Colleague: 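After the structure tokens below, expect a handful of questions from me.
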Amino acid sequence: MNKIALSAIAVLMVTIIAVVALFIGTSDAEFGQEKKPFSELGGDFTLTSQEGPVSLSDFRGKVVVMYFGFLTCPEVCPNSLAVIRSALKRLDKENQADAQAILVSIDPKRDTPEKLAKYAEYFHPNLVGITGSQDKIDTVTKQYGAFYNFTEIESVSLTYGVEHSSRYYVIDQQGKLVTAMRHSTTPNELFTQIVEVQEKG
């Protein structure tokens, strides 16, 4: 085997190892690392979409499912957004109109509001993608007990990766955080939680 082939295999192996490490880091990242009581988590915030500023309070009267992720996430984020899409599709028309999903990008350097809009549109009309400066993202993630960390990756396609916690944050019609559901949550479990919150009003 010549040197070029060996080099190509080595690069491929490094990339595979990096992606696997990111998946493991993302799935197992600890929730609420600052150990705040759950009752202290949540709250209003304002970030930016393709259409302009978006605040959590804009969706008062609706049940919100919020997810922290990023567009170049290889597997965890797309799978999680697919769970949200499936849960929303299970709602009847009336309940679907009273539900909103939010993707908060923790990688504003690569994820522009325009890119987020196209990505969100692929999953569901009720999903909006928002982001902001890294400082603003830090503030919002701390509010919700979320975790993320940038890691360097030496590969052809990626310059850095992102480890992050993977949770579905369910927020009621008054803007209060009700629960943070684990990464392993199924579409039916999320659907059931949305309906329960909607019924409590």
Side-chain angles (χ1 to χ4, degrees), residues 18-19 21-60 62-81 83-84 100-120 123 127-154 158-172 174-183 185:
V19 169
L22 275 176
F23 178 81
I24 293 172
T26 296
S27 299
D28 297 337
E30 188 175 359
F31 168 68
Q33 289 204 349
E34 291 190 358
K35 303 300 183 184
K36 287 184 179 180
F38 186 82
S39 61
E40 293 181 12
L41 297 179
D44 197 19
F45 60 85
T46 300
L47 293 172
T48 304
S49 73
Q50 184 182 33
E51 303 301 322
V54 172
S55 299
L56 177 62
S57 57
D58 293 340
F59 305 111
R60 290 290 166 85
K62 297 185 177 184
V63 173
V64 174
V65 179
M66 185 167 66
Y67 186 82
F68 293 94
F70 63 108
L71 299 189
T72 54
C73 182
E75 186 172 357
V76 174
C77 298
N79 288 347
S80 298
L81 291 174
V83 168
I84 293 175
Q100 176 67 43
I102 299 175
L103 168 61
V104 178
S105 171
I106 53 179
D107 188 12
K109 184 177 179 180
R110 292 183 291 197
D111 297 349
T112 64
E114 292 73 24
K115 288 180 180 178
L116 284 166
K118 291 181 180 179
Y119 192 76
F123 284 96
L127 175 65
V128 62
I130 58 177
T131 191
S133 67
Q134 209 70 62
D135 285 344
K136 287 185 177 180
I137 297 300
D138 287 345
T139 298
V140 179
T141 54
K142 287 178 182 177
Q143 276 182 248
Y144 284 82
F147 161 82
Y148 75 95
N149 182 52
F150 293 110
T151 58
E152 293 184 6
I153 296 178
E154 295 182 2
L158 296 174
T159 56
Y160 64 90
V162 190
E163 297 175 346
H164 66 103
S165 52
S166 180
R167 298 290 189 276
Y168 305 96
Y169 297 87
V170 181
I171 300 161
D172 71 14
Q174 290 74 47
K176 180 182 178 181
L177 178 63
V178 175
T179 186
M181 304 180 77
R182 297 183 63 84
H183 173 74
T185 296

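Please read all numbers here as calculations on a predicted model, not as lab measurements.
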Colleague: Only counting residues at least two apart or in another chain, list the ones meeting side chain to side chain contact (heavy atoms under 4.5 Å, CB included) with Val178.
Modeller: Asp172, Gln193, Val197
Colleague: Are Ser80 and Tyr67 close enough that a side-chain donor and a side-chain acceptor fall under 3.5 Å?
Modeller: yes
Colleague: In the structure I gave you, are the side-chain heavy atoms of Phe45 and Met66 within less than 4.5 Å of one another anywhere?
Modeller: yes
Colleague: Does Glu114 have any side chain to side chain contact (heavy atoms under 4.5 Å, CB included) partners at least two apart in sequence or in another chain, and if so, which?
Modeller: Gln50, Thr112
Colleague: Give the minimum heavy-atom separation between Val128 and Ser49, together with the two atoms involved.
Modeller: CG2-CB, 4.1 Å
Colleague: Heavy atoms only: give me the nearest Gly175-Leu56 pair and the separation to one decimal.
Modeller: O-CD2, 4.2 Å
Colleague: Between Asn79 (side chain) and Val76 (backbone), is there a donor-acceptor pair under 3.5 Å?
Modeller: no
Colleague: Regarding Tyr148 and Asp107, do their side chains bring together a donor and an acceptor under 3.5 Å, going by distance alone?
Modeller: no
Colleague: Atom CG of Leu116 and atom CG of Asp111: how far apart are they, to the nearest 0.5 Å?
Modeller: 5.0 Å
Colleague: For the atom pair OG1 (Thr151) and CD (Glu163), what is the distance rounded to the nearest 0.5 Å?
Modeller: 5.0 Å
Colleague: Between the main-chain N or O of Glu40 and the side-chain N or O of Gln143, is there a donor-acceptor pair closer than 3.5 Å?
Modeller: no
Colleague: Mark yes when over 12 heavy atoms from residues, nucleotides or ligands other than Lys136 sit less than 6.0 Å from its NZ; otherwise mark no.
Modeller: no
Colleague: Looking at Ala120 and Leu127, what are the two nearest heavy atoms and their distance?
Modeller: CB-O, 3.5 Å
Colleague: Give me the atom names and distance for the closest heavy-atom approach of Thr46 to Pro53.
Modeller: CG2-CB, 4.1 Å
Colleague: Classify the angle between the aromatic ring planes of Phe70 and His164 as parallel (below 30°), tilted (30 to 60°) or perpendicular (above 60°).
Modeller: perpendicular
